[in-house]
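In this chain, residues are counted from 1 in sequence order.
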Amino acid sequence: MTTQSYSCTTTDGHAGPFAIPTDLLIGDAWVPAASGRRIDILNPATETVLTSVADASPAEGIAAVDAAAAAAADWAATPPRRRADILLACFHAMMAEQEWLAQLISLENGKALPDARGEVAYAAEFFRWYAEEAVRINGELAVSPSGANRIMVQYQPIGIALLITPWNFPAAMATRKIAPALAAGCTCILKPAEETPLTALAVAEIMRRAGVPAGVVNVVNSSDPGPLCSGILHDPRVRKLSFTGSTEVGRILLRQAADQVISSSMELGGNAPFLVLDDADIDEAIEGAMVAKMRNAGEACTAANRFYVQRGIHDAFVAKLAERMGAMKMGPGTESATQCGAMINRQAIDKIEHLVADAVGRGAEVRLGGRTPEGAGFFYPPSVIANVQPGSEILTTEVFGPVAAVIPFDDPAEAVALANATEYGLAAYVYTADLKRGLQLAERIEAGMVAVNRGLVSDAAAPFGGVKQSGLGREGGHHGLLEYCEAKYIAVSW
């Protein structure tokens with residue numbers, strides 16, 4: 001097994017429970033790629049290479065399916081209480097290493113340590129939640145309408161699952177998929193993002209040490225994920241696909257999954273609106289905006305991108321938001337004072353620069369930031385762009401960075417129309433002192449999740465997912481467990 005150690009020590013000098021694996025987890029062993037190929041992993045704050053990980057071929061993807069298939073029957077037959085105990089052990093093991101894992105996330109992802117610590121806690125919570133859910137996969141027994149028969153419904157594991165995760169939450173996106181899959185009795189193959197595989201590899205090793213049997217969780221990294229994932233999806237033993245990433249890639253995967261009629265869960269792009277009505281407490285709205293916009297430096301699918309603020313408080317809101325965002329310290333995520341870390345790569349910076357330049361070219365005003373700093377690292381400063389004009393690309397494209405685009409509106413009905421004027425429908429935010437009106441607006445906004453008077457919408461106990469081009473299915477809550485189950489109806493004569 002190839003491993004790598006890092007100087008990601010905690011404040012008490014703890015350097016982690018083990019050297020981080022950098023190979024492929026297939027069955028009961030960490031193995032190198034047969035080709036010997038490796039993928040360099042960069043520190044986005046310095047643009048230097050941290051280490052490299054094994055680069056899997058499509059054949060190694062099928063080897064992972066073989067391992068998952070070999071473990072499937074025993075894991076499905078494992079009593080729910082035993083599966084729950086293992087998941088709870090994973091929760092405790094992960095929380096015991098929260099600081100160390102946060103350091104690792106900051107190193108390979110670039111995010112600030114407070115965000116990374118929050119991610120580890122959020123990620124671990126999926127293990128605890130689904131430990132509790134594993135023993136509550138309840139069936140149904142009903143009398144048929146004629147009264148002559150009984151209708152019995154059982155929920156069974158759907159089968160082997162391919163789980164594909166993004167780079168922006170390398171721990172949480174892995175556990176949000178793995179935990180319900182294991183709770184339901186499924187085995188899985190995890191394909192982490194090629195930019196941030198180290199966290200996923202560390203989490204997989206923690207799970208192995210916590211008692212997850214060999215073959216139940218397999219991990220394959222790849223610099224060319226298309227052929228790898230296509231090969232896995234065309235194996236008839238694979239019955240579930242769960243993907244978090246861009247809408248464009250999601251469409252490709254859905255087309256491939258259709259060849260084997262594979263059940264698919266898709267958490268795709270977002271372009272979240274943030275509505276502030278003139279009766280809102282402006283200070284509370286600013287606090288919520290800071291969370292909704294600047295969590296993970298804006299690199300989140302739930303990040304507020306479009307701030308629609310009623311005209312009566314628009315100028316005050318812009319001024320306060322620029323003040324708060326301007327006070328944030330930008331720097332390497334591993335430095336304790338950092339509040340806004342690096343973006344993931346140069347392409348991310350290029351996209352942000354383009355969207356800001358387009359908005360300014362159409363008449364928007366830069367109230368804060370708006371320019372890439374000199375020097376090493378993929379940094380972009382917290383930025384506020386006011387009076388963004390209709391037709392600006394930043395209103396229709398997910399910016400995935402620390403840029404807040406602010407647009408005034410006059411009437412709440414106008415704000416709802418503007419909020420819905422996108423192909424996406426993942427998350428939205430509403431601030432108003434009138435709770436009834438807030439709930440009425442929430443029902444009219446085309447989004448799978450709406451936060452009313454709060455800036456954080458995610459919760460392990462709640463169904464996470466979108467409508468329109470933002471995806472299919474739900475993760476989290478009891479709904480997330482059912483994504484990995486088949487409802488079997490058994491007709492019983494009486």
Side-chain angles (χ1 to χ4, degrees), residues 65 68-91 125-145 149-164 174-190 207 211-213 215-218 233 235-244 254 257 260-267 448 459-465 471-494:
V65 176
D74 285 347
W75 183 247
T78 299
R81 176 58 66 195
R82 176 60 183 152
R83 296 201 299 263
D85 288 343
I86 291 172
L87 287 169
L88 191 59
C90 292
F91 164 76
E125 188 61 28
F126 285 105
F127 286 136
R128 179 160 63 175
W129 173 260
Y130 285 109
E132 297 163 345
E133 286 290 295
V135 296
R136 296 183 177 89
I137 307 176
N138 299 321
E140 304 164 24
L141 182 63
V143 178
S144 67
N149 303 301
R150 297 296 182 266
I151 297 170
M152 185 168 74
V153 178
Q154 290 181 334
Y155 289 95
Q156 297 181 327
I158 197 169
I160 297 171
L162 171 61
L163 314 175
I164 305 174
T175 61
R176 194 163 77 183
K177 299 179 189 299
I178 293 172
L182 269 57
C186 300
T187 58
C188 62
I189 301 106
L190 174 67
M207 294 184 70
V212 174
V216 172
V217 176
N218 306 273
L233 289 174
D235 189 307
R237 295 171 294 178
V238 175
R239 301 309 310 148
K240 180 68 186 182
L241 165 64
S242 180
F243 169 73
T244 298
L254 280 171
Q260 295 290 334
V261 194
I262 291 174
S263 170
S264 300
S265 300
M266 295 275 141
E267 195 265 282
D459 193 307
F464 187 106
L472 304 167
R474 294 295 182 266
E475 294 183 310
H478 189 68
H479 299 76
L481 179 64
L482 296 180
E483 295 282 336
Y484 295 90
C485 296
E486 290 280 20
K488 175 179 282 187
Y489 158 49
I490 302 174
V492 182
S493 295
W494 202 255

Report task. Take Tyr484 and Ser242, measure what side-chain contact (heavy atoms from CB on, under 4.5 Å) needs, and give me the verdict at the end. Result -> CA-CA 10 Å; Tyr484 295 90; Ser242 180; 3.4 Å; yes
When rounded to the nearest 0.5 angstrom, what distance separates [atom1] in [X] from [atom2] in [Y]?
X: Ser265; Y: Ile164; atom1: OG; atom2: CD1; value: 11.5 Å
X: Arg82; Y: Leu87; atom1: CZ; atom2: CG; value: 10.5 Å
X: Leu182; Y: Cys90; atom1: CG; atom2: SG; value: 7.5 Å
X: Ile189; Y: Ile178; atom1: CD1; atom2: CD1; value: 11.5 Å

Show the nearest heavy-atom pair for residues [X] and [Y], with the distance to one decimal.
X: Pro180; Y: Thr175; result: CD-O, 3.8 Å
X: Ala174; Y: Leu190; result: CB-CD2, 4.1 Å
X: Ala69; Y: Arg237; result: CB-NH1, 3.9 Å
X: Ala460; Y: Trp129; result: O-CD1, 3.7 Å
X: Gly476; Y: Phe126; result: CA-CE2, 4.2 Å

Query raised in the report: By salt bridge (Lys or Arg N to Asp or Glu O under 4.0 Å), which residues pair with Arg81, not counting sequence neighbours?
Result: none
**Report entry** Qualifying residues under salt bridge (Lys or Arg N to Asp or Glu O under 4.0 Å), relative to Arg474, sequence neighbours excluded
**Finding:** none
Is there a donor-acceptor pair closer than 3.5 Å between any side-chain N or O of [X] and the backbone N or O of [Y]?
X: Arg83; Y: Thr78; value: yes
X: Arg239; Y: Gln260; value: yes
X: Asn218; Y: Cys188; value: yes

Report task. Return yes if a side-chain donor-acceptor contact under 3.5 Å exists between Lys177 and Thr244, otherwise no. Result -> yes
Requested in this report: Assess whether side-chain contact (heavy atoms from CB on, under 4.5 Å) is satisfied between Phe127 and Met207, documenting all intermediate values.
Outcome: CA-CA 10 Å; Phe127 286 136; Met207 294 184 70; 3.7 Å; yes
Residues which pass side-chain hydrogen bond (donor to acceptor under 3.5 Å, both in side chains) with [X], listed by chain and number, not counting sequence neighbours:
X: Glu267; value: Arg176
X: Glu133; value: His478
X: Asp85; value: none
X: Gln156; value: Lys488

Report task. For side-chain contact (heavy atoms from CB on, under 4.5 Å), just list the numbers for Leu162 and Lys240, CA-CA rounded to whole Å, side-chain angles, deciding distance to a tenth of an Å, and then say yes or no. Result -> CA-CA 6 Å; Leu162 171 61; Lys240 180 68 186 182; over 6 Å; no
Mind listing the side-chain donor-acceptor pairs of residues 134-141 below 3.5 Å, one per line with the distance, residues two or more places apart or on another chain?
unit_1, atom_1, unit_2, atom_2, d
Arg136, NH1, Glu132, O, 2.5
Glu140, OE2, Tyr155, OH, 3.1

Contacts of [X] that satisfy side chain to side chain contact (heavy atoms under 4.5 Å, CB included) - sequence neighbours left out:
X: Ala257; result: Leu241, Ile262, Ser264
X: Ala462; result: Asp459
X: Glu486; result: Ile158
X: Ala71; result: Thr187, Val216

Query raised in the report: Any salt bridge (Lys or Arg N to Asp or Glu O under 4.0 Å) pairs touching residues 68-80, not counting sequence neighbours?
Result: none
Query raised in the report: Step by step, would you call Tyr489 with Met152 a side-chain contact (heavy atoms from CB on, under 4.5 Å)?
Result: CA-CA 6 Å; Tyr489 158 49; Met152 185 168 74; 6.0 Å; no
